[in-house]
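Data first, discussion second: the structure below is written as structure tokens.
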Amino acid sequence: GQQLNQSPQSMFIQEGEDVSMNCTSSSIFNTWLWYKQDPGEGPVLLIALYKAGELTSNGRLTAQFGITRKDSFLNISASIPSDVGIYFCAGDSNYQLIWGAGTKLIIKP
Amino acid sequence: DGGITQSPKYLFRKEGQNVTLSCEQNLNHDAMYWYRQDPGQGLRLIYYSQIVNDFQKGDIAEGYSVSREKKESFPLTVTSAQKNPTAFYLCASSPRGGAEAFFGQGTRLTVV
């Protein structure tokens, strides 16, 4: 079946650092979505991408839809402690969403 | 306020008992989904419904059942046939299948 390969699996960062994560697929998706999940909560939609090559920002977050529609990246600038959590990418396929395995963001003490 | 509500937040059941998890949305969304999440893992699709009175199995439907009698409601029953039911269950809805999904707060089910 279709899969989204999300990397890295986890990241240890210092507060104030920039963060980058990405998702790739062998299949084309019409929509790419980025979510964040805090512990014990449901995922929250951060950014939705609809067009190949589209670059969209939401505060310190920036995401881009790859030109081939097979990949996307998410950047977080100047990370802060509340950025800790799990970030998921998702793509639409046949009226359902295909999910990446998540990138866990951990702030170094 | 519009949103998607799961209840209860925590649920404990004895092994061998069926249990039903509630999911209600007032967003007027056509599509609804149930996911299972195990510790440190991603989301796995149990069932989804694109319209009232219709639903399809996801990747891990065995041991689960659903109904979609009303647009707003998509309850999930975890049956005694589910071999390892302890998990975090997430319900989501979207305007249509494959569109942006909005999640409830989840139900953590523990079977003892």
Side-chain angles (χ1 to χ4, degrees), chain A residues 1-11 21 23-25 27-51 54 56 58 63 65 69 72 84-106, chain B residues 2-11 21 23-25 27 29-51 54-61 87-110:
Chain A
Q2 291 178 304
Q3 289 185 332
L4 291 185
N5 301 306
Q6 190 169 351
S7 64
Q9 192 172 32
S10 61
M11 301 181 70
M21 60 191 78
C23 269
T24 61
S25 173
S27 303
I28 290 173
F29 290 105
N30 293 319
T31 304
W32 281 88
L33 307 171
W34 284 95
Y35 287 82
K36 183 194 177 203
Q37 185 180 29
D38 291 324
E41 301 292 331
V44 174
L45 181 65
L46 299 174
I47 292 179
L49 302 162
Y50 303 103
K51 297 179 182 178
E54 179 181 358
T56 298
N58 178 7
F65 196 156
R69 291 193 287 152
S72 176
V84 164
I86 303 176
Y87 293 80
F88 291 100
C89 62
D92 76 307
S93 176
N94 294 327
Y95 305 106
Q96 58 175 297
L97 292 175
I98 308 299
W99 292 84
T103 293
K104 188 173 185 178
L105 196 62
I106 304 162
Chain B
I4 182 164
T5 302
Q6 289 185 245
S7 60
K9 179 73 172 173
Y10 300 95
L11 190 55
L21 280 58
C23 180
E24 302 278 333
Q25 55 99 358
L27 299 168
H29 286 171
D30 284 324
M32 296 188 74
Y33 313 81
W34 275 106
Y35 292 92
R36 171 181 172 139
Q37 188 175 33
D38 292 290
Q41 302 297 313
L43 306 178
R44 292 189 291 169
L45 182 65
I46 305 172
Y47 269 97
Y48 65 103
S49 168
Q50 295 188 50
I51 198 168
D54 187 46
F55 48 83
Q56 285 80 40
K57 293 181 179 179
D59 300 319
I60 55 165
F88 189 49
Y89 290 89
L90 287 161
C91 180
S93 71
S94 64
R96 56 170 176 76
E100 308 89 76
F102 296 87
F103 285 82
Q105 288 197 310
T107 292
R108 186 166 300 281
L109 173 64
T110 302

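Order of the sequence lines sets the chain letters (A, B, ...), proteins ahead of strands, with each chain counted from 1. Scope of the values below: all heavy atoms of this structure, side chains included, with no hydrogens, waters or symmetry mates.
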Measuring from A/Tyr35:OH to B/Glu100:CD, what's the distance to the nearest 0.5 Å? 7.0 Å
Count the heavy atoms of every other residue, nucleotide or ligand shown that sit under 6.0 Å from CD of A/Gln9, and state whether that count exceeds 12. no
Determine whether more than 12 heavy atoms belonging to other residues, nucleotides or ligands lie under 6.0 Å from atom CD of B/Gln50. yes
Measure A/Ala48 against the heavy atoms of chain B and call it side chain, backbone, both or neither at under 4.5 Å. side chain
Looking at every heavy atom in both A/Leu97 and B/Ala101, which two are closest together, and how far apart are they? CD1-CB, 3.8 Å
Is it true that atom NZ of B/Lys9 has more than 12 heavy atoms of other residues, nucleotides or ligands lying nearer than 6.0 Å? yes
Would a line drawn from the ring center of A/Trp99 to the ring center of B/Phe103 be shorter than 6.0 Å? yes
Separation between CD1 (A/Ile98) and CG (B/Asp59), nearest 0.5 Å, reads 7.5 Å
Once salt bridge (Lys or Arg N to Asp or Glu O under 4.0 Å) is applied, do any residues pair with B/Arg96, and if so which ones, sequence neighbours excluded? none
Is B/Gln6 in contact with chain A via its backbone, its side chain, both, or neither, using a 4.5 Å heavy-atom distance? neither
When the 4.5 angstrom heavy-atom criterion is applied to B/Ala99 and chain A, the contacting part is backbone
Do A/Pro43 and B/Leu43 have side-chain heavy atoms sitting under 4.5 Å apart? yes
Answer yes or no: are there more than 12 heavy-atom neighbours, outside B/Ile51 itself, under 6.0 Å from its atom CD1? no
Kindly write out the residues that satisfy salt bridge (Lys or Arg N to Asp or Glu O under 4.0 Å) with A/Asp38, not counting sequence neighbours, or none if the list is empty. A/Lys36
Chain B contact via A/Gln37 - which portion, at a heavy-atom distance below 4.5 Å: side chain
Interchain contact, B/Gln41 with chain A, by part (heavy-atom threshold 4.5 Å): backbone
